[in-house]
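Structure first, commentary second.
It should be emphasised that the depicted structure is a prediction, and the values quoted were computed from it without experimental measurement.
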Amino acid sequence: MVINILISLISAVAFLAAALRPIRGSAPAGLMLWSFANLATAAGFFVLLLPAFISLPVPALPGNLLIDACAILNFIAVVRYLGRPRSDFWVLVPASVLVAVEIGYVLAAYENMRVMVALGGSLRGLLTIAAARALWTCADASRRSIARIAAAAHGVWACVLVARMLWWLVHPDASALDDPTTAFGLIARALLTATITPCILWMLTRELDAQLFHYATHDGLTGLWNRRVVWEHGAQRAEEARAFGGSMAVLMIDVDHFKKINDQYGHAAGDLVLMAVAREIGWVVGQGDLVGRIGGEEFLIVLADPDDAMPLAERVRAAVERLEVVDAVEQAPIGCTVSVGLAVARGAALGWEQLVGAADQALYAAKREGRNRVCTSAVDAPVPPVAATSGKREAETRLHAAL
């Protein structure tokens, strides 16, 4: 019991520190609940331990109810942290009934070890299995493997609770001194707490790592890939296509008269336009296409299928032309168009810088010809091969694998 109290207190402090001093803007939901759950566990075992130090009789009901509260708080914390639907809380209804029955029985018929183990074990087992299920089905891939370790620990604890209830069912006339499952259960409880706490903190770290990777590789406004990723990944694709004698197409897209939109409606409205254009582009392009924002109002698409380049460019242009963004301040509709530069390169002529340059020249041609149109360009000049053993190639290969 002393070991359980110490481990629970350490866990409560760890969760409290993570909740009060979050690494990012706000603490994830559930951390304070886990802190309170561990405090309830420590308090419950402290109450159950009191008869060893004082001569006055101390009822076991308050200690058991505190441990029951730990199971309830732990389940709620799991559901909230994982962002599970509210329908998962249905399990709290039978749990509340079991708590009420436990309190009513003890107050009416005094404490009975067999009944209290059955009721408390049923309550904690039900909540533990529900928490294990929620952890096992964690939707976030970056946290799923760690969540399943925590789920397995919950499953082991549920098995211990069932074993304890079965022992008392088979030995109805036994006393607490005859119970071999108590010590085993206390050890299992300590191991559960010592496993769950590092797992949850590890999941927080995984979540933070995934967010940092997202911030480092995505544009903050539109959510598309940023310039660095598009450039490095596009260069890698171009090198691979040239090595195998393939072809590649790039679309350079620019929002027409974007400065006028900012001047007339404000920068907030301009941001809404950029987000809307990015959303339209994302709906039009294929699954294997690489889309990124490379400048203020400029977007770049690396196509997986160069043969579909011209139809896709027209679909993008037409989709943005139909777009109508509503200004949040004046509630005025804002229309916009885009100019698109398309460049295609094949075989030995395929070089990333030359391909992007050709797409840029085609974009300028589209603007000179009146905007809201697609102009094309081809890359014919051969480019020298790039050494495959360079450090840049290795870095690009690692990024390619990560993406």
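You'll find the side chain of Leu303 stays beyond 4.5 Å of the side chain of Asp305, heavy atoms only. Between Phe36 and Leu39, some side-chain heavy-atom pair lies under the 4.5 Å cut-off. The shortest distance between side-chain heavy atoms of Ile253 and Val316 falls below 4.5 Å. Two residues are said to be in side-chain contact when any heavy atoms from C-beta on lie closer than 4.5 Å; Val340 and Arg373 fail this criterion. Between Trp352 and Arg237, the closest side-chain pair of non-hydrogen atoms is not below 4.5 Å. Proximity of Trp167 to Arg114: side-chain heavy atoms (C-beta onward) are nowhere separated by under 4.5 Å. Using a 4.5 Å heavy-atom cutoff, the side chains of Val291 and Phe299 are not in contact. The side-chain heavy atoms of Leu204 and Arg143, taken from C-beta on, include no pair separated by under 4.5 Å.
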task: Give the intermediate values and the outcome of side chain to side chain contact (heavy atoms under 4.5 Å, CB included) for residues Leu221 and Leu274.
output: CA-CA 8 Å; Leu221 178 65; Leu274 290 176; 3.9 Å; yes
- request: Carefully, step by step, assess Val250 and Leu300 under the rule side chain to side chain contact (heavy atoms under 4.5 Å, CB included).
  value: CA-CA 7 Å; Val250 165; Leu300 188 142; 3.9 Å; yes
message: Run Val78 and Leu135 through side chain to side chain contact (heavy atoms under 4.5 Å, CB included) and show every step you take.
response: CA-CA 7 Å; Val78 169; Leu135 288 165; 3.8 Å; yes
- request: Could you check Asn64 against Glu102 for side chain to side chain donor-acceptor pair (under 3.5 Å), going step by step and ending with a plain yes or no?
  value: CA-CA 10 Å; Asn64 282 285; Glu102 182 179 9; 5.3 Å; no
- request: Tell me, with the steps shown, if Leu123 and Leu119 meet side chain to side chain contact (heavy atoms under 4.5 Å, CB included).
  value: CA-CA 6 Å; Leu123 165 68; Leu119 292 174; over 6 Å; no
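Look at Arg317 and Glu314 and you find a salt bridge, because one of the NZ, NE, NH1 or NH2 atoms lies within 4.0 Å of a carboxylate O, short of that distance. Ion pairing between a basic and an acidic side chain is recognised when a charged N comes within 4.0 Å of a carboxylate O; Asp308 and Arg315 show such pairing.
With hydrogens and angles left out, the side-chain atoms of Thr137 and Arg84 include a donor and acceptor closer than 3.5 Å. Using a 3.5 Å distance cut-off with no hydrogens or angles, the side chains of Thr197 and Ser11 do pair a donor with an acceptor. Inspection of the Asn74 and Arg124 side chains reveals no N or O donor paired with an N or O acceptor under 3.5 Å. Counted by atom type alone, Glu240 and Gln236 present one or more donor-acceptor pairs between their side chains at under 3.5 Å.
The distance from atom CG of Leu290 to atom NE2 of His233, rounded to the nearest 0.5 Å, is 5.5 Å. Distance check: Asp140 CG to Leu82 CG gives 9.0 Å after rounding to the nearest 0.5 Å. Separation of atoms CG (Leu50) and CE (Met1) is listed at 10.5 Å; rounding is to 0.5 Å. Taken to the nearest 0.5 Å, the SG atom of Cys336 stands 5.5 Å off from the CD1 atom of Ile261. The line from CG of Leu92 to CG of Leu126 is 9.0 Å long, rounded to the nearest 0.5 Å. Atom SG of residue Cys138 and atom CZ of residue Arg206 lie 11.0 Å apart, to the nearest 0.5 angstrom.
Looking only at distances, a side-chain donor or acceptor of His218 sits under 3.5 Å from a matching main-chain atom of His214. Although no hydrogens or angles enter the test, the distance criterion places a donor-acceptor pair under 3.5 Å between the side chain of Asp256 and the main chain of Asn372. The backbone N or O of Leu186 sits less than 3.5 Å from a side-chain atom of Asn4, completing a donor-acceptor pair. In this structure a side-chain-to-backbone donor-acceptor pair under 3.5 Å is missing from Thr181 to Arg164. Panel note: side chain Asn226, backbone Val229; a donor-acceptor pair is recorded below 3.5 Å. A distance-only check finds no donor-acceptor pair linking the side chain of Arg371 to the backbone of Ser339 [under 3.5 Å]. Panel note: side chain Ser35, backbone Leu31; no donor-acceptor pair is recorded below 3.5 Å.
When all heavy atoms of Phe75 and Ala130 are compared, the pair lying nearest together is CE1-CB, 3.4 Å. The heavy-atom pair separating Leu192 from Ala153 by the smallest distance is CD1-O, 3.5 Å. Between Val344 and Ala249, the closest heavy-atom pair is CG2-CB, 4.0 Å. Here the closest non-hydrogen pair linking Gly286 and Leu312 is N-CD1, 4.3 Å. The two residues His154 and Ala131 have their closest heavy-atom pair at CD2-CB, 3.8 Å. In terms of heavy atoms, Ala188 sits closest to Val160 at CB-CG2, 3.8 Å.
For the ring-ring contact (aromatic ring centres under 6.0 Å, His included) test, residues two or more places apart in sequence or in another chain that qualify with Tyr81 are Trp34. When the salt bridge (Lys or Arg N to Asp or Glu O under 4.0 Å) test is applied to Arg148, no partner is found at least two apart in sequence or on another chain.
Applying the side chain to side chain donor-acceptor pair (under 3.5 Å) test to residues at least two apart or on different chains, the pairs with a partner in residues 276-301 are Asp219-Arg293.
Remark: Phe89 CZ is packed, more than 12 non-hydrogen atoms of other residues, nucleotides or ligands lying under 6.0 Å away. At most 12 heavy atoms of other shown residues, nucleotides or ligands fall within 6.0 angstrom of atom CZ in Arg80.
Taking the ring centre of Trp136 as origin, the terminal cationic atom of Arg133 falls outside the region bounded by 6.0 Å and 45° from the ring axis.
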